[in-house]
**Student:** 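To start, I am sharing the structure in question, which I have written as structure tokens.
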4 protein chains.
Amino acid sequence: MRKLPAKLASQLYGAAELIAERGLDGTKIEDIAEATGIPKATIYYHLDGKNAVLEFLLTDLLEMIAGAVGVAVSSAEDARTRLEAAVAAQLGVMLEHPFLCRALVGDLGRATRLPDLAVALRSAFYEPIEKLLADGVADGSLRQVADPGAVALSVFGAITVAGLSAAVEGPSADPSADAARFSAAVSELILDGLATPRPRGGHESDDRP
Amino acid sequence: MRKLPAKLASQLYGAAELIAERGLDGTKIEDIAEATGIPKATIYYHLDGKNAVLEFLLTDLLEMIAGAVGVAVSSAEDARTRLEAAVAAQLGVMLEHPFLCRALVGDLGRATRLPDLAVALRSAFYEPIEKLLADGVADGSLRQVADPGAVALSVFGAITVAGLSAAVEGPSADPSADAARFSAAVSELILDGLATPRPRGGHESDDRP
Amino acid sequence: MRKLPAKLASQLYGAAELIAERGLDGTKIEDIAEATGIPKATIYYHLDGKNAVLEFLLTDLLEMIAGAVGVAVSSAEDARTRLEAAVAAQLGVMLEHPFLCRALVGDLGRATRLPDLAVALRSAFYEPIEKLLADGVADGSLRQVADPGAVALSVFGAITVAGLSAAVEGPSADPSADAARFSAAVSELILDGLATPRPRGGHESDDRP
Amino acid sequence: MRKLPAKLASQLYGAAELIAERGLDGTKIEDIAEATGIPKATIYYHLDGKNAVLEFLLTDLLEMIAGAVGVAVSSAEDARTRLEAAVAAQLGVMLEHPFLCRALVGDLGRATRLPDLAVALRSAFYEPIEKLLADGVADGSLRQVADPGAVALSVFGAITVAGLSAAVEGPSADPSADAARFSAAVSELILDGLATPRPRGGHESDDRP
DNA sequence: CATGAATGAGCATTCATTCAT
DNA sequence: CATGAATGAATGCTCATTCAT
């Protein structure tokens, strides 16, 4: 568990595709060694087993997302604008690292079982949104919703599944174009909704009689 | 290995929690045998191996979802109303089967790699929404969006992640109440969006100058 | 840990020489599998790992010794005669199973660390002697010694090391002749001692002033 | 790898207990490094591998024994007296180094397989006794026995097992008192034997009719 | 001299799966 | 039909040892 030398760290990324393709359980440490050029025993010298490889990889992804979203979220704009920026930021990072994303989905169960990852997951994806929702209500740029927790979850789902799905399609020739496209679609959905405007301004919560 | 006796089938559900908790790879056939009371060799007599167990379990879940959503979607209402119904239907089934849901997410990677499951997944979750979106544009109850594919994906994500998250929280005392709550939140989000109404009637797509 | 089928048990003896020669740690399960003709996985199906193999083998030896000695000890003779018989019995069994004996010595440390073996060891080797010493004092056939515990230990050592050493020499052409020879030497030593008779009838315990 | 610095040598003794407890195979060089405070690679710098550690430790013990016994044996007394002295000397050293003794027994198999140790073992333990037996016959202080080799072995066993057993009991508060006690018991046994004096002076070899 | 870092070679153990009954 | 017993195949991980500094 020593902190891996930068060189090894970078080599290790060579394993992401493998894991994305076959899942961690379907990937032998031996395969990882081969794919990365790092001898098996050396991997074990630096990392605490197979899970730690996944953990290392995903931690990195999660940090990148948390970082980018963090920046997007801390601008001076209103919450609504920052939400759009956050969506774009998250999708931008996801599409730039399709293999890591796929590895993440593919082993979501395991990721959830790794305590460190579980919290990183939460703080990278869910918490910024939750905060933004509250901010938006405060600054008037977002509506007050009945169940903010559930809505934040849904928003997170809307963004993430879009990103994941794009990642699964395979690496795109132009990730940032894809990101922009998906980003626009997601923002449109979560900001404006799908309902056609009602005659008299806005949709009241009368959908459940 | 078709049609296992009803009794076995029902016993097999006892394995869902195990798989949900540890993932399929983390669950030995032996464990499944123990948890269900079905002797290992008997499982093999009826099913084609470990994957088949997961496949059996998830196929069932997927069929239930596809069925419930199918019903919701085929009513005579407008698409917007049917979308709400579909959301409620999907969440209803998911929350009734939290372990199956968790097993599904946890082994999403594997599920994706099992051809039969992959298509069932798509047709249970994604396709009905896609269709509804189109219907809504046609009958005027839903807005035309720029990128219907991406939006459908997002909607699917919004619903599913909400449901999954609820499932992960652990079995609820009152699944249908939860379902209603989540269902309302998700519908509110995807139909009306989060943005506060703009001064002059609705939000124009001018958010990207 | 099921009770091994007789056939396997007998095949397993084929491993004794191997273990005697190289020690248990120097013997791969694979080697044992090869030497005995029992597939590796089958060994694991019946036994709980490598140690269990040694344990099984030695338990058997110890039972044989305990049995033979037990018979020798329960005759109606006086203790002195029974002690001679016990010596002969123990050496007889040991020389009949030189490989098991060598395995026992070679891995004495490990044997000691296996709780079951430790007690079997004690009850096969040490306890009968201890008992005989006491009996001998009672029936007048053996002298009262100052420290019976220490003496019993020494007697045990005198017998066992002789036997072990003979076993280490390699399998003899005529084990029972060897046994008789060693048995006579050991009995002579422990019964009569090495000191030449003192002028005035026997050697008094004046060697420690 | 000859003559390690005195400091290291003394640190190395810290490993004796470890090895006594777990056996050499159960002790990782890493463990030894930790227990002694000597870095792993430094051990290798001075010693030729794991076996060499054991060899170093045991060689030392054996030299101490050989030395002490040598002194005891070279006095001007008769062989009988010198035998008593040798017993006391051997037990004295053994009880002063209980961990080394246990390490020796525990890895007797391996010790036997290390050529240098095997001869040291012989010359420390067995040979002095053999010699004394012969001397005793010559000077009339010890009886002529039928099979001097076997008897010497037995004597060696009587002494050594007593010492070992004491060592295994754990370090005593007063090793030299223990040594004296065991020494007396062993001497009593091997000199006078256990048989009660026969009516007419001494026991004739009539025990095998 | 000493040692932190790196690794080659090995191996016990696991488990999905088969099959005789 | 069902299943206890048996096993082939696979692999994660360990550790003694080396070597550059």
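Just so we're on the same page: letters track the sequence lines, and every chain starts at 1.
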**Student:** Between CZ of D:Arg110 and CG of D:Leu104, what distance do you get to the nearest 0.5 Å?
**Tutor:**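 Atom-to-atom, D:Arg110:CZ and D:Leu104:CG are 12.5 Å apart.
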**Student:** For the NZ atom of C:Lys40 and the NZ atom of C:Lys28, what is their distance to the nearest 0.5 Å?
**Tutor:** 10.0 Å
**Student:** For A:Ile43 and E:dA5, give me the distance from atom CD1 to atom C1', rounded to whole Å.
**Tutor:** 16 Å
**Student:** Looking at CG of D:Leu12 and CD1 of D:Ile43, how far apart are the two atoms once the value is rounded to the nearest 0.5 Å?
**Tutor:**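 The CG atom of D:Leu12 sits 6.5 Å away from the CD1 atom of D:Ile43.
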**Student:** Hey, which sits more toward the 5' end of DNA chain E by its nearest nucleotide, A:Pro39 or C:Glu30?
**Tutor:**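 It is A:Pro39 whose nearest nucleotide is closer to the 5' end.
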**Student:** Taking a pair as Watson-Crick or G-U wobble with both distances under 3.5 Å, which nucleotide is matched to E:dT17?
**Tutor:** F:dA6
**Student:** Let me spell it out: for each of D:Thr42 and B:Tyr44, pick the nucleotide of DNA chain E with the closest heavy atom. Which residue's pick is nearer the 5' end?
**Tutor:** D:Thr42
**Student:** Record whether the side chain of C:Lys40 comes under 3.5 Å of the base of E:dT13 through a donor-acceptor pair of N or O atoms.
**Tutor:**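 A donor-acceptor contact between them is present.
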**Student:** Between C1' on F:dA9 and NZ on A:Lys28, what's the gap in Å once rounded to a whole number?
**Tutor:**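 Atom-to-atom, A:Lys28 to F:dA9, this comes out as 11 Å.
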**Student:** Go through E:dA6, F:dT7, E:dT3 for me and flag the one nearest to the C:Ala41 side chain.
**Tutor:** F:dT7
**Student:** Are any of A:His46's side-chain N or O atoms less than 4.0 Å away from OP1 or OP2 of E:dA5?
**Tutor:**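 Checking A:His46 against E:dA5: no side-chain N or O falls below 4.0 Å of OP1 or OP2.
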**Student:** Let's test this: given Watson-Crick or G-U wobble pairing with both distances under 3.5 Å, identify the partner of F:dC1.
**Tutor:** none
